[in-house]
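Remember, it's a predicted structure, so these values are computed and weren't measured experimentally. Position 1 is the first residue of the sequence; numbering continues from there.
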Amino acid sequence: MLEKAAILFSGGKDSIYSLQAAQKYVPIDLIVSLTSTQGDTQFHAGPEVEKALRESQLQLLGIENETLILSAGQGYLREFFLGLDEMLRSRGITHLVTGDLWHPYTSGIGDMLGAALDVTILRPARDACPTRDASVSYMNKVIESGIQSVVASVRERDLPKTFVGRTIDKTFVAELESMNIDSAAEGGEYQSFVLSCPLMKGRIVIDEFDVAIVDGKNDKERFEKMCVKRFHIE
């Protein structure tokens with residue numbers, strides 16, 4: 001059987017890194033984005049960026065994409081497995097790429113996906129960042145690969161409001177390391193959004209944004225979120 005791959009995609013640095021790395025071994029035929037009836041998914045603690053930004057990013061990547069819309073209730077995992085199974089089987093997908101890093105929870109989800117959907121799981125980002133100690137070297141690889149991203153939100157108890165909208169560069173990585181914050185944010189300390197990368201046929205420029213406090217998925221955490229008012233494509 002001809003190998004075909006899909007990627008679970010959030011639009012953040014780890015998704016883009018995994019997409020670029022996986023394409024060296026297997027063609028990516030489908031991007032699967034996740035959202036919910038309330039606009040966010042429970043797979044990330046922090047909030048998503050605006051729909052228009054995500055759609056612009058996908059257009060610049062130019063790869064076929066589908067959005068899996070989940071409910072915000074307790075049954076989201078079952079909906080996720082069933083919906084993804086239908087998407088992959090209908091296209092003959094043999095490999096599924098994920099952007100998870102070292103965290104055991106996301107690794108466990110990937111293991112279950114592989115077994116339940118009968119696909120091979122590829123984890124380029126976790127291969128590059130298998131432990132928290134590897135976060136700095138991993139982030140430097142992300143930056144050196146040409147991925148330009150910004151902080152889309154921060155968890156209130158981890159990072160100050162001033163970090164929202166910051167460019168994720170080596171200075172940023174070193175600063176988080178000095179604060180004893182995981183620079184790769186596998187624990188949900190911040191969420192990222194990629195503005196440009198070698199695979200994108202253009203660059204997203206954020207012209208104006210506000211910062212708002214929003215609740216996390218478990219209603220116990222709060223996040224400072226970048227609310228984009230204007231952006232354009234170069």
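- Ion pair R91/E66 flagged as a salt bridge, since at least one NZ, NE, NH1 or NH2 atom sits closer than 4.0 Å to an Asp/Glu carboxylate oxygen.
- Here the side chain of D29 pairs a donor or acceptor atom with the backbone of A5 at under 3.5 angstrom.
- Note on K170 versus E144: salt bridge recorded, some NZ/NE/NH1/NH2 to OD/OE distance being below 4.0 Å.
- The backbone N or O of G11 lies less than 3.5 Å from a partner atom in the side chain of Q57, making a donor-acceptor pair.
- In this structure, E186 does not pair ionically with R132, as no charged nitrogen and carboxylate oxygen lie closer than 4.0 Å.
- Side-chain atoms of D14 and Y138 form a donor-acceptor pair, as typed in the model, at a separation below 3.5 Å.
- Both tests do not hold together for R78 against F81: distance to the six-membered ring centre under 6.0 Å, angle to the ring axis within 45°.
- Checking side-chain atoms of R123 against main-chain N and O of G99 turns up no donor-acceptor pair under 3.5 Å.
- In this structure a side-chain-to-backbone donor-acceptor pair under 3.5 Å is present from T94 to K4.
- Applying side-chain contact (heavy atoms from CB on, under 4.5 Å) to L61 and the options I28, V194, L199 leaves one that passes, L199.
- Side chain of S18 to main chain of S15: no donor-acceptor pair is present (N/O by atom type, distance under 3.5 Å, no hydrogens or angles).
- Within the 4.5 Å cutoff, no side-chain heavy atoms of L176 are placed close to those of E189.
- A distance-only check finds no donor-acceptor pair linking the side chain of S135 to the backbone of S183 [under 3.5 Å].
- A side-chain donor-acceptor contact under 3.5 Å links E50 to the backbone of V228.
- Side chain to side chain, S149 and S192 fail the donor-acceptor criterion of an N or O pair below 3.5 Å.
- Salt bridge annotation for K161-E224: absent, with no cationic side-chain nitrogen under 4.0 angstrom from a carboxylate oxygen.
- One side chain, Q148 or R203, offers a donor N or O that lies under 3.5 Å from an acceptor on the other.
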